[in-house]
Visitor: 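Have a look at this one before I ask anything.
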Amino acid sequence: MIRLDKDTTDRRSVNVALTEKGRRRFEQALVLWRSAQDRVVAALGVSMADQLRDQMNGIAEDQLGSQA
């Protein structure tokens, strides 16, 4: 679903791209993700959904920061 290509200008680098299958899978996932976001807003309301998203982002940042 991803393709790795050597960079033509810098041999140390690799370019990562989605294949056509990967692009289709991403589009399918995006539809599902948007639906899930809409359901959270419908259940909690915009303000609480925003607060929940902020809290979850904070947790993720804490976890990623602690791994560095």
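All values below come from the heavy atoms of this structure, side chains included, with hydrogens, waters and symmetry mates left out. Throughout, residue positions are numbered sequentially from 1 according to the sequence presented.
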Visitor: Would you compute the distance between atom CG of D54 and atom CE of M56 and round it to the nearest 0.5 angstrom?
Guide: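 Reported value, rounded in 0.5 Å steps: 11.5 Å.
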Visitor: Mind checking the CG-CG spacing from L44 to D50? Nearest 0.5 Å is all I need.
Guide: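 It is 10.5 Å, given to the nearest 0.5 Å.
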Visitor: Is there a path of hydrophobic side-chain contacts, each under 4.5 Å between heavy atoms of I/L/V/M/F/W/Y residues, joining I2 to F26?
Guide: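 Yes, one cluster joins them.
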Visitor: Above 12 or not: heavy atoms from other molecules or residues under 6.0 Å from CZ of R23?
Guide: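 Yes, enclosed.
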Visitor: Looking only at heavy atoms, what is the nearest atom pair of R3 and L18, with distance?
Guide: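 What the structure gives for the nearest pair is NH1-O, 4.2 Å.
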Visitor: Going by the rule side-chain contact (heavy atoms from CB on, under 4.5 Å), which residues pair with Q37 if we only count those two or more places apart in sequence or in a different chain?
Guide: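 Counting only residues at least two positions away or on another chain, Q37 forms a side-chain contact (heavy atoms from CB on, under 4.5 Å) with W33, R53.
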Visitor: Out of curiosity, does L32 fall in the hydrophobic cluster containing V40 (side-chain heavy atoms, cut-off under 4.5 Å, transitive links)?
Guide: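 In one cluster with V40: L32, no.
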Visitor: Show, in sequence, the C-alpha distance, side-chain angles and deciding distance for D7 and V14, and conclude whether the side-chain contact (heavy atoms from CB on, under 4.5 Å) test is met.
Guide: CA-CA 5 Å; D7 191 302; V14 174; over 6 Å; no
Visitor: May I ask you to list the residues sharing a hydrophobic cluster with V46, side-chain cutoff 4.5 Å, ordered by chain and number?
Guide: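 Once heavy-atom contacts under 4.5 Å are chained together, V46 belongs with V41.
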Visitor: Could you give me the CA-CA distance, side-chain angles and deciding distance for R24 and E27, then say whether salt bridge (Lys or Arg N to Asp or Glu O under 4.0 Å) is met?
Guide: CA-CA 5 Å; R24 285 192 307 268; E27 291 297 328; over 6 Å; no
Visitor: To the closest 0.5 Å, what do you measure between CD (E20) and CE (M1)?
Guide: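 So the gap between those two atoms works out to 13.0 Å.
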